[in-house]
Asker: 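First the structure, which I've put down as structure tokens, then a few questions once you've had a look.
Values below: every heavy atom of this structure, side chains too, minus hydrogens, waters and symmetry copies. Residue indices begin at 1 and follow the sequence shown.
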Amino acid sequence: DDDDSSVALPEFTGGPTATASIAENAPITDVVFDAEASIPDASAQNTIVYSLTGPDASAFNIDSQTGEVRLNATADFETQSSYSIEVIATRDPGGAMSSQTVTVSVTDVPLAIQGLVVAGPVIDGNGLVAEAFTADGVSLGTAPVNADGTFTIDANPDDYDGLVLVRISDGSPGPDYLHEGSGNPEDLTIDLRAIGVVDDVADNSVTGSIASGTSSDDTSITLTGTVS
């Protein structure tokens with residue numbers, strides 16, 4: 001047969017190898033890799049059907065028409081930091097096949113312990129510090145309390161699973177917040193504490209976390225926190 005288009009193999013954009021990355025815990029609806037192949041000099045009657053093989057093919061699915069590759073379950077960096085799959089492009093009709101080896105890297109996402117200090121408007125430069133601890137009292141990290149009362153602690157280790165204790169303390173002298181009633185500046189004279197439980201690191205979920213304390217003028221102050 002002198003018609004080259006009848007025997008031409010599908011050609012992958014990017015060549016026989018490719019790389020991709022996905023953040024751990026990203027939704028499984030996210031496209032990890034978008035395979036794209038074409039048939040040189042093919043007629044309109046020729047199409048490409050995509051499929052998967054390779055060592056980690058069972059962890060993924062592929063749209064046979066578009067070539068979009070997705071995970072079957074959310075990735076966890078601590079469990080598996082990379083995957084190897086092979087995308088197969090099959091010419092239809094004809095059955096001629098080409099392959100592209102794809103290495104998918106999983107990006108490590110730190111465990112972020114986030115919260116909000118509710119004490120009237122917090123003063124910028126307040127000196128308040130948030131620190132998280134394990135149930136055994138081992139520090140997971142610290143972070144300053146921002147001017148809007150929020151804080152974010154990047155926990156170390158980031159695969160910690162269990163009880164989380166959060167403490168807010170005043171690291172410097174001077175006023176820390178404005179009294180909700182009078183608007184006068186107030187100094188935080190006691191530590192505030194919150195508690196939460198990281199019960200599934202793969203989902204970065206937490207339950208619980210409220211606590212309260214009292215300021216120098218017996219004003220109630222509430223700390224709310226979440227782990228995400």
Asker: Identify the heavy atoms of Gln100 and Gly15 that sit nearest to each other, and give their distance.
Answerer: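 Of all heavy-atom pairs spanning Gln100 and Gly15, the closest is NE2-O, 2.8 Å.
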Asker: What are the two closest heavy atoms between Asp187 and Asp170, and how far apart are they?
Answerer: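 Nearest pair, atom of Asp187 first, then Asp170: OD1-OD2, 2.7 Å.
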Asker: Just so I know, are the side chains of Ile168 and Val145 near enough to count as touching, which here means a heavy-atom distance under 4.5 Å?
Answerer: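 The answer is yes; the side chains approach within 4.5 Å.
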Asker: State whether the side chain of Asn25 and the backbone N or O of Val109 hold a donor-acceptor pair below 3.5 Å, judged by distance alone.
Answerer: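 Answer holds: no.
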Asker: State which residue, out of Ile62, Val49, Thr53, fulfils the side chain to side chain contact (heavy atoms under 4.5 Å, CB included) condition with Ile88.
Answerer: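 Testing each of Ile62, Val49, Thr53 against Ile88, the sole residue satisfying side chain to side chain contact (heavy atoms under 4.5 Å, CB included) is Thr53.
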Asker: Would you check if Val102 and Val69 make a side-chain contact, meaning some heavy-atom pair closer than 4.5 Å?
Answerer: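 They are not in contact (no side-chain heavy atoms under 4.5 Å apart), so the answer is no.
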Asker: List the atom of Ala8, the atom of Pro40, and the distance in Å for their closest heavy-atom pair.
Answerer: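 Residues Ala8 and Pro40, closest heavy atoms: CB-O, 3.9 Å.
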Asker: Would you say the side-chain atoms of Asp92 pair up with the backbone N or O of Thr47, donor to acceptor, closer than 3.5 Å?
Answerer: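 A pair under 3.5 Å: no.
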Asker: So, the side chain of Glu11 versus the backbone of Ser38: is there a donor-acceptor pair under 3.5 Å, distance only?
Answerer: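 Pair absent, no side-chain N/O of Glu11 close to backbone of Ser38.
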Asker: Hey, does the side chain of Asn126 reach the backbone of Leu128 with a donor-acceptor pair shorter than 3.5 angstrom?
Answerer: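 A pair under 3.5 Å: yes.
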Asker: Locate the shortest heavy-atom distance separating Thr107 from Ser21; write the atom from each residue and the value.
Answerer: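 Smallest heavy-atom distance, with atoms named: OG1-CB, 4.4 Å.
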Asker: Okay, side chain of Asn156, backbone of Leu140: is any donor-acceptor separation there less than 3.5 Å?
Answerer: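 Here the side-chain-to-backbone pair does not exist.
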Asker: Does a sphere of radius 6.0 Å around CG in Asp124 hold more than 12 heavy atoms from other residues, nucleotides or ligands, not counting ones at 6.0 Å or beyond?
Answerer: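 No - once you tally the heavy atoms of other residues, nucleotides and ligands closer than 6.0 Å, there are 12 at most.
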Asker: Angle between ring planes, Phe12 versus Tyr50, binned at 30° and 60°: parallel, tilted or perpendicular?
Answerer: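 Phe12 and Tyr50: tilted rings.
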Asker: Any sub-3.5 Å donor-acceptor pair from Asp148's side-chain atoms to Thr150's backbone N or O?
Answerer: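 Confirmed, Asp148 side chain pairs with Thr150 backbone.
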Asker: Roughly how far, to the nearest 0.5 Å, is the CZ atom of Phe77 from the CG atom of Asp108?
Answerer: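 Those atoms lie 4.5 Å apart.
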Asker: For Arg70 and Val32, which heavy atoms make the closest approach, and how far apart are they?
Answerer: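 Between these two residues, the closest heavy atoms are CA-CG2, 4.1 Å.
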Asker: For the residue pair Ala89 and Ile48, what are the closest heavy atoms and their distance?
Answerer: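 Heavy atoms of Ala89 and Ile48 come nearest at CB-CG2, 3.8 Å.
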Asker: Look up atom CG in Leu188 and atom CD1 in Ile123, then write down how far apart they are to the nearest 0.5 Å.
Answerer: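 If I round to the nearest 0.5 Å, the distance is 11.5 Å.
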Asker: Does Asp56 use its side chain to pair, donor to acceptor, with the backbone of Ser84 at less than 3.5 Å?
Answerer: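 Present.
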Asker: Roughly how far apart are Asp30 CG and Ile22 CD1, rounded to 0.5 Å?
Answerer: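 So the CG of Asp30 and the CD1 of Ile22 are separated by 5.0 Å.
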Asker: Could you tell me the separation between the CZ atom of Phe133 and the CD1 atom of Ile113, rounded to the nearest 0.5 Å?
Answerer: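 Atom-to-atom, Phe133:CZ and Ile113:CD1 are 10.5 Å apart.
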Asker: Measuring from atom CZ of Arg167 to atom OG of Ser139, what distance do you get when rounded to the nearest 0.5 angstrom?
Answerer: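 If I round to the nearest 0.5 Å, the distance is 8.5 Å.
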Asker: Measuring from Ile85:CD1 to Ser99:OG, what's the distance to the nearest 0.5 Å?
Answerer: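 So the gap between those two atoms works out to 12.0 Å.
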